[in-house]
There are 2 protein chains.
Amino acid sequence: MAEAVTADRAARSLQQLGYRLTPQRIMILEAVLESDDHVTAEELYEQVRVQYPHISFSTVYRTMELLRDSGFVTQTDLGGGRVQYHPVGKATHHHLVCQGCGSVAEVGEEIFTGLQQELRERHNFDATLTHFAIFGRCERCR
Amino acid sequence: MAEAVTADRAARSLQQLGYRLTPQRIMILEAVLESDDHVTAEELYEQVRVQYPHISFSTVYRTMELLRDSGFVTQTDLGGGRVQYHPVGKATHHHLVCQGCGSVAEVGEEIFTGLQQELRERHNFDATLTHFAIFGRCERCR
DNA sequence: TTCATTGCAAATAATTTGCAATCGG
DNA sequence: CCGATTGCAAATTATTTGCAATGAA
């Protein structure tokens with residue numbers, strides 16, 4: 001029950017960091033935290049626009065930059081021209097993208113535990129392996 | 001000595017695939033195969049422009065698409081708004097990008113062997129794990 | 001000759017930025 | 001009140017595309 005960040009808590013933190021709590025920021029914050037998975041700027045824009053049609057893309061982008069720098073979301077660019085935002089503290093999973101048929105399968109984060117351990121032990125590197133896309137060929141396409 | 005693809009061999013293969021061998025394609029092909037590592041469209045453009053100032057960006061992009069589809073290069077988008085091209089058959093390595101100090105360390109591909117095997121055995125997925133960037137924190141920044 | 005390929009210029013598409021108006025603290 | 005934040009419109013940047021001219025086979 002105290003695992004993931006709530007919108008309230010995040011909002012308070014932002015305020016303590018010296019940022020102003022505008023309605024736009026709160027709505028964007030709620031939208032991104034509600035998403036169990038990744039969202040794009042466009043999805044956030046559309047979602048917030050339902051309650052607040054006046055919202056602008058610049059505000060979405062600027063707010064996500066702020067949330068990223070404050071550590072509430074991570075930002076991933078897996079190609080395809082759109083950046084993905086992803087709330088921290090939520091269950092992580094990864095994508096297996098087939099370069100043959102384009103299918104996308106999901107796998108849990110335990111896939112990386114071996115790699116992570118090896119990086120830590122042999123390279124003294126503490127890897128943040130959240131939300132990756134792995135390219136290759138699926139069963140059918142091999 | 002028969003490990004990496006040479007420009008001549010690749011050119012011949014392209015021809016056999018039914019593509020025309022234009023000087024532009026040959027120059028771009030040589031440029032990308034000469035690079036031990038990744039190159040961007042811009043880098044290829046600049047490099048070819050030295051011998052052939054008339055080259056256009058469209059040709060670079062279209063040629064790289066062709067080389068990618070023919071299997072001579074892989075295309076990776078690690079964010080930052082520029083796609084990276086990378087000749088196949090060259091030694092692969094990966095980057096450990098520290099989110100604290102921005103330092104970049106290199107690690108060999110053997111890092112992924114465990115993961116690759118697991119993906120193959122448990123998920124029937126044949127992963128192409130070439131040229132990755134891994135984010136996290138380096139020794140000093142932890 | 002003939003059609004694939006090129007170069008140019010214009011089109012896309014995501015993201016960023018300048019600036020005047022607005023509103024949270 | 002005052003400066004941080006917003007919305008708009010214009011700018012930026014990488015990449016793509018239409019089309020007429022060109023050149024490889």
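In what follows, every heavy atom counts, from backbone to side chain, and hydrogens, waters and symmetry copies are set aside. Chain A is the first sequence line, chain B the second, and so forth, proteins listed ahead of strands; every chain is numbered from 1.
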J.: Find the distance A:E42:CD to C:dA14:P and express it as a whole number of Å.
T.: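 That distance rounds to 7 Å.
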J.: Tell me the interatomic distance from B:L67, atom CG, to C:dT5, atom C1', rounded to whole angstroms.
T.: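 B:L67 atom CG is separated from C:dT5 atom C1' by 14 Å.
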J.: For B:E110 versus A:E118, what's the shortest heavy-atom pair and its separation?
T.: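 Looks like O-OE2, 4.3 Å.
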J.: Between A:A127 and A:L119, what is the shortest heavy-atom contact and its length?
T.: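 Residues A:A127 and A:L119, closest heavy atoms: CB-CD1, 3.8 Å.
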J.: Taking all non-hydrogen atoms of both residues into account, name the closest pair between B:I28 and B:L44 and its distance.
T.: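 Taking B:I28 first and B:L44 second, the nearest heavy atoms are O-CD2, 4.4 Å.
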J.: Between A:R82 (CZ) and C:dT16 (C1'), how many Å, whole number?
T.: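 So the CZ-C1' distance, A:R82 to C:dT16, works out to 17 Å.
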J.: With DNA chain D as reference, determine whether A:T59 or B:A41 sits nearer its 5' end, using the nearest nucleotide of each.
T.: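 Upstream on the strand: A:T59.
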J.: Expressed in angstrom and rounded to an integer, what is the separation of B:M64 atom CE from C:dT6 atom P?
T.: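 That distance rounds to 13 Å.
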J.: Got a second to check how far A:R68's CZ is from A:Y85's OH, nearest 0.5 Å?
T.: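 Going from the CZ atom of A:R68 to the OH atom of A:Y85 covers 7.5 Å.
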J.: Does a side-chain heavy-atom distance below 4.5 Å link B:V32 with B:H86?
T.: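 With C-beta onward as the side chain, the pair stays apart.
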J.: Figure out the CD1/P separation between A:I28 and D:dT5, and round it to whole Å.
T.: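 Going from A:I28 (CD1) to D:dT5 (P), I get 13 Å.
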J.: Base, sugar-phosphate, or nothing for A:Y52, non-hydrogen atoms under 4.0 angstrom?
T.: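 If one applies the 4.0 Å heavy-atom cut-off, A:Y52 turns out to touch the sugar-phosphate alone, with no base involved.
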J.: Expressed as a whole number of angstroms, how long is the span from B:R49:CZ to C:dG7:C1'?
T.: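 Distance check: B:R49 CZ to C:dG7 C1' gives 14 Å.
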J.: Do the side-chain N or O atoms of B:R25 get closer than 4.0 angstrom to the phosphate oxygens (OP1, OP2) of C:dT6?
T.: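 Indeed, a polar side-chain atom of B:R25 lies that close.
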J.: Please encode protein proximity along nucleotides 16-25 of chain D as a string of B, S and -, counting only heavy-atom distances under 4.0 Å.
T.: BBB----BBS
J.: From CD of B:Q75 over to P of D:dA14, roughly how many Å is that when rounded to an integer?
T.: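 Computing the B:Q75:CD to D:dA14:P distance gives 15 Å.
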J.: Quick check on the helix from C:dT1-D:dA25 to C:dG25-D:dC1: what's the angle between its two end axes, five base pairs per end, to the nearest 10°?
T.: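 Here the local axes at opposite ends form an angle of 30°.
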J.: From the set D:dC8, C:dC8, D:dA14, return the single nucleotide nearest to any side-chain atom of B:H54.
T.: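 So the nucleotide nearest the side chain must be C:dC8.
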J.: So, A:R49 and A:E46, do they make that salt bridge, N to O below 4.0 Å?
T.: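 Result for this pair is yes, salt bridge flagged.
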J.: Between A:I26 (CD1) and C:dG25 (C1'), how many Å, whole number?
T.: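 Value for this atom pair: 13 Å.
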J.: Any side-chain heavy-atom pair from A:R25 and A:Y19 closer than 4.5 angstrom?
T.: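 Side chain of A:R25 against side chain of A:Y19, heavy atoms only: contact under 4.5 Å found.
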J.: Is there a path of hydrophobic side-chain contacts, each under 4.5 Å between heavy atoms, that joins A:Y45 and A:M64?
T.: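 Looking at the clustering, A:M64 is in the same group as A:Y45.
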J.: Side-chain heavy atoms under 4.5 angstrom apart, residues restricted to Ile, Leu, Val, Met, Phe, Trp, Tyr: same cluster for B:L21 and B:L67?
T.: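 Looking at the clustering, B:L67 is in a separate group from B:L21.
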